[in-house]
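Structure record follows, encoded as structure tokens.
The figures here come from the full heavy-atom set of this structure, side chains too, leaving out hydrogens, waters and symmetry mates. Letters go in sequence order (proteins before strands), and every chain restarts at 1.
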Amino acid sequence: MKSFDHKEIERKWQKKWQNERTYAVTDDTQKKKCYVLDMFPYPSGEGLHVGHPKGYIATDVYARYMTMQGMNVLHPMGWDAFGLPAENYALKNKVHPAVAVKKNIARFKEQLEKIGFNYDWDREINTTDPVFYKWTQWIFIQLFKKGLAYESYEPINWCPSCKTGLANEDLDGNVCERCGTVVEKKPMRQWVLRITAYADRLLEDLDALPWSDSVKEMQRNWIGRSEGALLRFPVVNTEDVVEVFTTRPDTLFGATYMVLAPEHALVAKHMPRITNADEVQAYIQATAKKTDIERTTEGKEKTGVVLKGLVVRNPANNEALPVYISDYVLAGYGTGAIMAVPAHDERDFAFAKKFNLPITYVIAPHFIDQKNPPKKETPTIERVMVHAIIHDTKTDMYLMLKWKKNPWTSFVIGGAEDGEDLLTAVAREVEEETGYTNLVFKRQLGGTVCSEYFAAHKNENRFAYAHAFLFEIGSNTQHAEPSPEELEKHEPVWMTLQEFEADPNMTCTEYGIWRGLLEKETAYTGEGMLVNSGDFSGLEIEEAKKKITAFVHGELTVQYRLQDWVFSRQRYWGEPIPLVHCDTCGIVPVREEDLPVRLPDVESYEPTGTGESPLAGIEEWVNITCPKCGGKGKRETNTMPQWAGSSWYHLRYIDPKNETKLVDPAKEAYWSPVDVYVGGMEHATRHLIYARFWHKFLYDIGVVTSKEPYQKLYTVGLILAEDGRKMSKRWGNVINPDDMVSKMGADALRIYEMFMGPFGQAIAWSTDHMVGTRRFLERVYGLRESVKDDGEVNVVLLHKTIKKVGEDIASFNFNTAISQLMILVNDMEKRTSVQGAEYKTLLTLLAPFAPHLTEELWEQLGHTTSIHKEAWSVYDETKLQDAVATIVVQINGKVRGFFTVAPETGEAELKKSAKEVATVIPHLEGKEIVREIVVPGRLVNFVTRG
RNA sequence: GCCGGAGUGGCGGAAUGGUAGACGCGCACGACUCAAAAUCGUGUAUCGAAAGGUGUGGGAGUUCAAGUCUCCCCUCCGGCACCA
């Protein structure tokens with residue numbers, strides 16, 4: 001068999017497709033549309049490696065399939081070329097970024113074209129083209145007019161290496177995502193987009209999107225919505241109040257101190273009255289020097305300083321609370337101040353332990369005893385209970401009580417008298433019941449725990465407020481025999497905790513809580529009932545949140561982790577922000593008819609590092625007449641971030657040459673939204689949030705008709721290098737697609753990348769494995785010699801294949817689609833001849849994957865039109881069933897034999913035949929069949945006994 | 001710590017609760033060849049001579065039947081992380 005010449009075939013067809021404009025897209029509104037989009041590439045200087053085209057191949061296969069299904073398919077491509085990578089590359093190589101970008105695009109395009117994509121290049125876009133960025137600027141002006149773009153002087157992330165401010169989304173932890181430099185907080189003038197105004201809609205509309213749970217969850221986490229309340233704490237002897245955001249207003253009675261972020265405005269304001277100002281200043285300065293990394297990795301070890309002379313009042317009970325500053329409170333979240341409830345917040349707990357602050361428990365876990373549940377029609381008595389947990393550290397034993405009249409083993413336990421101090425009560429009970437005195441009191445275990453149970457010895461239901469106290473045997477501890485009356489009730493017994501837990505008579509509803517607190521002292525953050533909270537005691541948490549907030553005149557509010565989008569960059573290579581600063585009119589947008597504001601040519605575009613962009617130095621560009629009053633004005637010199645263009649580019653492909661509108665409304669209504677969007681997981685919380693935000697804004701101002709830009713979303717799994725690491729010039733493990741196309745052909749590359757494994761999964765490249773796909777194509781090529789009009793045909797297999805390949809492409813399961821095609825080809829190869837019609841169908845099924853070879857073979861069959869214009873075959877539901885069914889016979893679920901029958905054979909017949917299978921008979925001998933399970937067409941299972 | 005996702009041959013992986021390992025790579029043997037490559041054919045989870053047993057990260061459970069469903073645990077990958 002002669003192998004095919006892929007180079008010749010590819011050259012021939014790529015040229016022909018181009019000349020005949022095979023893939024031109026028209027706005028044929030008679031047809032149903034399908035908009036398939038790739039996240040467009042950033043044309044770097046490195047060129048493509050073999051991983052880049054994976055997503056493009058997938059969308060190409062999908063788009064070709066949808067075209068064959070009769071859809072009008074839009075599958076465009078373009079370039080995202082503004083921003084730091086291009087600019088840094090240009091600086092390094094001493095060329096103008098515009099020149100570098102042009103060259104890189106040419107290289108990318110050349111590489112892509114070799115792979116045989118069906119792009120309509122007439123719709124190519126480029127974010128750095130003034131014709132394109134005119135509309136990016138136009139959108140900014142609309143945002144500005146609606147108050148969604150604002151100037152701010154707040155501290156932001158500053159990358160000292162890239163010399164520009166960055167958005168939160170541009171950070172990788174605490175370092176600049178581009179260059180890896182640790183970022184600083186720097187107060188500076190900047191433009192910010194009010195994305196938080198869209199936070200709830202970005203969150204709510206996520207639910208209905210047919211995206212993967214992981215991407216949706218990532219976005220939810222990123223937005224980080226939390227419901228809570230704003231509460232106000234008056235500062236004693238001043239007019240000021242400290243406003244606090246908390247998700248737990250129900251714990252207000254447990255607030256024992258307050259913490260402000262070191263940067264909080266009130267700290268500076270009240271510095272004169274702070275008596276330890278030196279210490280406070282020192283802490284503030286130390287914090288300012290710390291990077292976020294130091295703040296977090298230095299650990300959970302809390303630091304802080306009390307503000308002596310500053311006291312606030314708890315609005316719930318008027319208690320005076322001390323005020324601290326600590327870097328565990330972040331200036332950028334909530335109000336930059338918290339009420340600290342150490343009993344019910346782990347961070348506050350750690351801080352309170354370190355600074356010896358009081359811990360007041362106001363939420364009690366609430367248990368109902370399962371062993372002795374409360375009885376109906378029985379009076380319930382409330383009692384305050386005390387548990388003594390008495391530990392002998394020498395033997396690691398604990399002192400318990402074994403009860404005489406009831407089968408109970410318990411801690412030393414008793415009730416507190418009305419008004420009696422709990423510690424007094426527990427000491428009294430210990431002495432009475434065990435005879436021990438002068439035990440060493442270690443600590444109380446947490447706070448109150450409520451438990452309800454039936455107390456058989458008193459025939460009453462108890463609602464107990466239980467408290468546990470840990471004691472140890474000390475050198476002064478004395479022991480006397482308890483009284484005979486007490487011994488009659490229960491006997492003190494030393495046992496280990498393990499023995500206690502294993503004791504079937506162990507009675508202690510709250511044991512789980514005590515046990516946890518014995519091991520580790522910690523805050524209680526779980527469910528429960530309010531205690532020690534005045535009139536609110538007895539309420540459940542959710543109800544208390546509302547009532548206490550209302551009681552102190554607070555407001556229920558919502559906070560987001562998401563912060564407004566820092567939108568200005570002090571760099572050259574971006575869209576100029578189209579605003580003018582005028583002394584009389586303030587900030588005025590550039591007139592829309594004057595757009596685009598072109599990026600001026602400049603001799604030096606190096607970043608200045610001063611907080612101003614290089615554009616600030618070009619006087620003839622900066623100085624301009626004010627669009628409003630005609631007086632003197634100065635242009636805004638900041639530029640937009642890399643993510644501006646990609647936030648709306650999907651709309652421009654629909655109408656790329658429109659000079660008067662961003663997109664023609666009729667065309668938008670037809671093509672939008674994107675039906676299938678494909679790209680990398682790394683864009684889950686940046687591009688995909690920004691683009692959703694802008695799209696929703698454009699919806700609000702009537703530019704688009706859909707609320708969401710992208711319907712179905714598939715994320716591409718990375719292709720790793722053969723060594724399992726990321727492909728990188730640095731490791732020298734990069735595989736270039738050009739080499740693979742040249743060696744094995746574009747079709748083999750395409751099929752291999754789709755066949756490697758599940759589309760969304762990261763898999764290492766293997767050139768060895770790739771030879772299999774080339775062999776497969778050779779076999780398809782070889783088949784043409786055995787094609788005869790009346791050749792052999794496997795109807796069932798053919799129809800199964802039509803069904804599976806179509807369904808698998810539609811659901812992005814390309815690997816199994818290809819495997820099915822291989823099964824069909826293997827079957828055809830084994831025959832002496834292949835029916836012409838079946839062969840033609842095979843070629844059309846393979847066409848989306850291998851566009852060049854199938855087009856060539858199609859022509860060889862005598863066709864004069866492109867195979868890519870053919871209709872997808874329709875399978876016949878009645879031809880999917882095999883002529884015979886293989887029935888599995890199981891005995892007790894184990895496979896013991898097979899037989900074949902007609903698929904529609906009935907149950908009775910199947911049972912009968914199953915019992916006659918030679919390999920089955922020995923297993924049934926002497927056994928009684930107690931159950932027979934029959935799944936027609938599949939199996940018979942006999943359950944036997946004996 | 002919290003939230004997602006995943007653990008199946010030598011490798012990539014496949015499997016509506018119904019014969020685990022499809023398909024591909026590799027490997028072994030055979031054919032062709034002076035020889036090799038390419039190609040074609042046969043075989044290829046594992047223990048066992050066989051009958052049969054054992055096998056989808058580990059452990060329990062549901063079911064006639066579990067890779068698949070439920071619970072617990074381990075490991076790996078990704079995201080978030082002092083967010084009040």
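Cation-pi contact between A/K302 and A/Y328: present, with separation from the ring centre below 6.0 Å and deviation from the ring axis of at most 45°. A cation-pi arrangement is present between A/R774 and A/F4 under the rule of less than 6.0 angstrom and at most 45 degrees off the ring axis. Both cation-pi conditions hold for A/R784 and A/Y781: the charged atom is under 6.0 angstrom from the six-membered ring centre and inside a 45 degree cone around its axis.
A gap of 13 Å separates the C1' atoms of B/G12 and B/G21, to the nearest Å. The P atoms of B/A37 and B/A28 are separated by 11 Å, rounded to the nearest whole Å. Nucleotides B/A15 and B/A20 place their C1' atoms 7 Å apart, quoted to the nearest Å. When the C1' atom is compared between B/A22 and B/G67, the two are found 15 Å apart, to the nearest whole Å. Separating the C1' atom of B/A81 from that of B/G4 is a span of 15 Å, rounded to the nearest Å. The same atom, C1', is picked in B/U68 and in B/U19; the two are 16 Å apart, to the nearest Å. Nucleotides B/U44 and B/A36 have their C1' atoms positioned 25 Å apart, rounded to a whole Å.
Here A/R561 does not reach the OP1 or OP2 of B/C82: none of its side-chain N or O atoms lies under 4.0 Å away. Proximity of A/K894 to the phosphate of B/U54: a side-chain N or O atom is located under 4.0 Å from OP1 or OP2. Put simply, A/N815 has a side-chain N or O that comes within less than 4.0 Å of OP1 or OP2 on B/A14.
Toward the 5′ end of RNA chain B lies the nearest nucleotide of A/I763, the other residue of the pair A/V943 and A/I763 mapping further downstream.
The nearest whole Å value for the distance from the CG atom in A/D882 to the P atom in B/A22 is 18 Å.
A donor-acceptor pair under 3.5 Å is formed between the side chain of A/S766 and the backbone N or O of A/H769.
Considering only side-chain atoms of A/Q761, the nucleotide from B/G53, B/C40, B/G13 that sits closest is B/G13. In the set B/A14, B/C80, B/A84, the nucleotide with an atom closest to the side chain of A/I338 is B/A84.
The aromatic rings of A/W565 and A/Y690 sit parallel to each other, their planes meeting at less than 30°, with 60° as the upper class boundary.
Contacts between residues 219-226 of chain A and RNA chain B, defined by a heavy-atom separation below 4.0 Å, involve A/W222, A/S226, listed by number.
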Protein-nucleotides 24-30 of chain B N/O pairs under 3.5 Å:
from  : atom 1 : to     : atom 2 : distance (Å)
B/G24 : OP1    : A/N826 : ND2    : 3.0
B/C25 : OP1    : A/R775 : NH1    : 2.6
B/C25 : O2'    : A/H769 : NE2    : 3.4
B/G26 : OP2    : A/R775 : NH1    : 3.3

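The neighbour count for A/E932 CD, taken as heavy atoms of other residues, nucleotides or ligands under 6.0 Å away, is above 12.
Of all nucleotides present, none satisfies the Watson-Crick or G-U wobble test against B/A15 with each distance under 3.5 Å. Pairing for B/A65 is absent, judged as Watson-Crick or G-U wobble with the two contacts each under 3.5 Å. When Watson-Crick and G-U wobble pairs are counted only if both distances are under 3.5 Å, B/G43 pairs with B/C27. The pairing partner recorded for B/G78 is B/C3, the criterion being a Watson-Crick or G-U wobble arrangement whose two distances lie under 3.5 angstrom.
Here B/G67 is in the anti range [glycosidic angle more than 90° from 0].
Aromatic rings of A/Y324 and A/F351 (six-membered ring for Trp) have centroids within the 6.0 Å cut-off, being under it. For A/F812 and A/F814, the gap between ring centers is short of 6.0 Å.
Here the closest non-hydrogen pair linking A/F849 and A/A817 is CZ-CB, 4.0 Å. Shortest non-hydrogen contact noted between A/Q219 and A/T685 is N-CG2, 4.3 Å.
A/R774 comes within 4.0 angstrom of no nucleic acid atom, judged by non-hydrogen atoms across all strands.
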